[in-house]
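Step one of this worksheet: look at the structure below.
Protein chains get the first letters and strands the later ones, always in sequence-line order, with residue 1 at the start of each.
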Number of protein chains: 2
Amino acid sequence: MANTRDADTARRILEAARKVFLEKGMAGARMQEIADEAGINKAMLHYYFRSKEQLFRQVFEEALADMMPKVHAAVLQPMRIKDKLKTFVRVYFEQVRAHPVVPLFVLHELHRSGASLAEVFVEQMKQAVPRAPGLFPQILLDELRAAAARGEPGAHKPDHLLVSLMAMCVFPFVARPMICALMGMDEAAFERFLDERVSQVELFLDSVFPEER
Amino acid sequence: MANTRDADTARRILEAARKVFLEKGMAGARMQEIADEAGINKAMLHYYFRSKEQLFRQVFEEALADMMPKVHAAVLQPMRIKDKLKTFVRVYFEQVRAHPVVPLFVLHELHRSGASLAEVFVEQMKQAVPRAPGLFPQILLDELRAAAARGEPGAHKPDHLLVSLMAMCVFPFVARPMICALMGMDEAAFERFLDERVSQVELFLDSVFPEER
DNA sequence: GTCTATATCGGGATAGAC
DNA sequence: GTCTATCCCGATATAGAC
């Protein structure tokens, strides 16, 4: 029926738009290229989505929606903090690896938009897990502060610890070309590097949370 | 004299171009805005630099040239590896903090240019310290491998360790809007966070390289 | 809904006077 | 070397036929 066809076309457009926007960013993307990628013409883009801006918004929101729910869910599991952080690292890294260009895209657009996209960003995070008590960083921070009260992660401060973990997971994808150039890695070497990454970050957590005996 | 005036104008243009390119990226930047920022008109931009592309190249190269020499120099000092890494972290972080938007700019442009800028990037790094035995990551990696042969950083692999250190230094600047949004920091809170950052990364190094006694 | 044709505008680049 | 005026293309967006 017509309805199915419509929805399907909208999907095709969104897939194409996602591909182009994520690769080139809002400013670098061309509506023509999106149309070509979707196998239709420019007029259709404006028929389904009013403007480039609106199409971009949709892509931006979906890019976040793809990655965050599983991370949120992982953080809500009851566990002691050390294991929860390891779980967070594993799930977060997996999600990023499945969508490797999303982080740089999001960070670049957040930067240029000067906080107008930041609201969209936070809103999207809240919708990731509807009835969660807060954003995943807040949940982890609260538990880390409780652990800190028990003297657990030594002199490591909760906010720095969390930022470091995110950094270690995300940075390889954000900085891939630079890392490869600086450290002389080719594609294959970099993939092997990624294969080892989670266990190396877990090592970091082991040293921050030494097993008491 | 005329010569001074020329050089001065070229400088003014470069400063303006730097400001605009770093904020908006190559694709988002407008020659008109650069001209306004420099207090001249568009024609002058093309007179001094042939094209937007050439102007961009110059800005890109200078952005790297501003940051890297001190890092390179720091890494060449003779020290035991642990102290050298701490020095690296301190100097690298200081450099990035002095030019906080450079990393995201460089990473975004490296990504979109698909390795054509990577050559410029590597070339610029080599020129940072003319007679150095190699790029700073290679120097650190070599020493880390030697340390690894002595069993020093435990199970931490040299390449992962180095990437983690760079990540911990750079990520706060690359992800600033995201971090502020997710963790509920305002400008002042984030600056305090940055003030603590180096010492928190050093803590990480202390746990990776425990003092033998 | 989908296409072709076109309006409209903005941006990079150049010509030419001074 | 610096300006004004202009060229010309490309990009978003819309009109209108089918």
Side-chain angles (χ1 to χ4, degrees), chain A residues 1-61 105 108-109 112-114 116-117, chain B residues 1-62 105 108-109 112-114 116-117 120:
Chain A
M1 65 187 71
N3 229 358
T4 312
R5 198 169 166 74
D6 296 0
D8 191 59
T9 304
R11 260 293 114 211
R12 289 234 317 285
I13 293 175
L14 272 172
E15 299 295 342
R18 179 190 173 94
K19 189 169 172 181
V20 176
F21 275 130
L22 262 64
E23 197 55 36
K24 316 232 170 151
M26 169 66 177
R30 297 290 164 251
M31 294 294 268
Q32 183 62 59
E33 188 177 355
I34 294 173
D36 293 347
E37 183 75 32
I40 54 166
N41 57 38
K42 281 188 292 178
M44 294 300 293
L45 301 183
H46 290 89
Y47 178 79
Y48 280 92
F49 305 83
R50 257 169 36 86
S51 65
K52 183 183 182 183
E53 179 65 32
Q54 288 220 359
L55 183 53
F56 169 78
R57 283 289 175 113
Q58 191 87 16
V59 168
F60 184 81
E61 287 175 14
F105 167 73
H108 173 72
E109 300 299 339
R112 75 153 178 92
S113 84
S116 88
L117 275 181
Chain B
M1 67 187 74
N3 229 358
T4 312
R5 198 168 164 75
D6 296 1
D8 191 59
T9 304
R11 260 294 114 209
R12 290 234 314 285
I13 293 175
L14 273 173
E15 299 295 342
R18 179 191 173 93
K19 189 169 171 181
V20 175
F21 276 131
L22 262 65
E23 198 55 36
K24 317 233 171 151
M26 168 66 176
R30 296 292 164 251
M31 294 294 267
Q32 184 61 60
E33 187 177 356
I34 294 173
D36 293 346
E37 184 75 31
I40 54 167
N41 57 41
K42 278 191 294 178
M44 294 301 293
L45 299 183
H46 289 90
Y47 178 78
Y48 280 91
F49 307 84
R50 260 170 34 89
S51 65
K52 183 184 182 183
E53 178 66 30
Q54 288 220 359
L55 184 52
F56 169 79
R57 282 290 174 113
Q58 191 86 16
V59 168
F60 184 81
E61 288 174 14
E62 288 194 11
F105 167 73
H108 173 72
E109 300 299 338
R112 74 153 178 92
S113 83
S116 89
L117 274 181
V120 180

Self-check item: Pairs touching residues 11-41 of chain B that satisfy ring-ring contact (aromatic ring centres under 6.0 Å, His included), sequence neighbours left out
Solution: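 Counting only pairs at least two positions apart or across chains, the ring-ring contact (aromatic ring centres under 6.0 Å, His included) contacts touching residues 11-41 of chain B are B:F21-B:F56.
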Rounded to whole Å, please give me the gap between [atom1] in [X] and [atom2] in [N].
{"X": "B:I13", "N": "D:dT2", "atom1": "CD1", "atom2": "P", "result": "8 Å"}
{"X": "A:L55", "N": "D:dA11", "atom1": "CG", "atom2": "P", "result": "16 Å"}
{"X": "A:F49", "N": "C:dG1", "atom1": "CZ", "atom2": "P", "result": "13 Å"}
{"X": "A:M44", "N": "C:dT4", "atom1": "CE", "atom2": "C1'", "result": "13 Å"}
{"X": "B:R12", "N": "D:dT2", "atom1": "CZ", "atom2": "P", "result": "8 Å"}
{"X": "B:D36", "N": "C:dG10", "atom1": "CG", "atom2": "P", "result": "14 Å"}
{"X": "B:D6", "N": "D:dG1", "atom1": "CG", "atom2": "P", "result": "4 Å"}
{"X": "B:D8", "N": "D:dT2", "atom1": "CG", "atom2": "C1'", "result": "14 Å"}

Holding to side-chain hydrogen bond (donor to acceptor under 3.5 Å, both in side chains), I want the full list of residues that pass it with [X], two or more places apart in sequence or in another chain.
{"X": "A:Q54", "value": "none"}
{"X": "A:D36", "value": "A:Q32"}
{"X": "A:Q58", "value": "none"}

Quiz prompt | Side-chain N,O (B:N41) to OP1/OP2 (D:dT4) below 4.0 Å | solution =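 Yes.
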Quiz item: Which atom pair, heavy atoms only, marks the closest approach of A:I34 to A:A16?
Solution: O-CB, 3.5 Å
Quiz item: Do you know the tightest heavy-atom contact between A:A10 and A:Y48?
Solution: CB-CD2, 4.0 Å
Exercise. Please identify each residue that fulfils side chain to side chain contact (heavy atoms under 4.5 Å, CB included) with A:R30, with sequence neighbours left out.
Key: A:E33, A:K52
Self-check item: Letter per nucleotide, 5' to 3', of nucleotides 12-18 of chain C [B base touched, S only sugar-phosphate touched, - untouched; heavy atoms, 4.0 Å]
Solution: BBBB---
Quiz item: End-to-end bend of the helix from C:dG1-D:dC18 to C:dC18-D:dG1 (five-pair axes, 10° rounding)?
Solution: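 The end axes of the helix from C:dG1-D:dC18 to C:dC18-D:dG1 are about 10° apart, to the nearest 10°.
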Quiz item: Can you list the residues that meet the salt bridge (charged side-chain N to carboxylate O under 4.0 Å, His left out) rule with B:E23, with sequence neighbours excluded?
Solution: none
Quiz prompt | Qualifying residues under salt bridge (charged side-chain N to carboxylate O under 4.0 Å, His left out), relative to B:E15, sequence neighbours excluded | solution =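 B:E15 satisfies salt bridge (charged side-chain N to carboxylate O under 4.0 Å, His left out) with B:R11 only.
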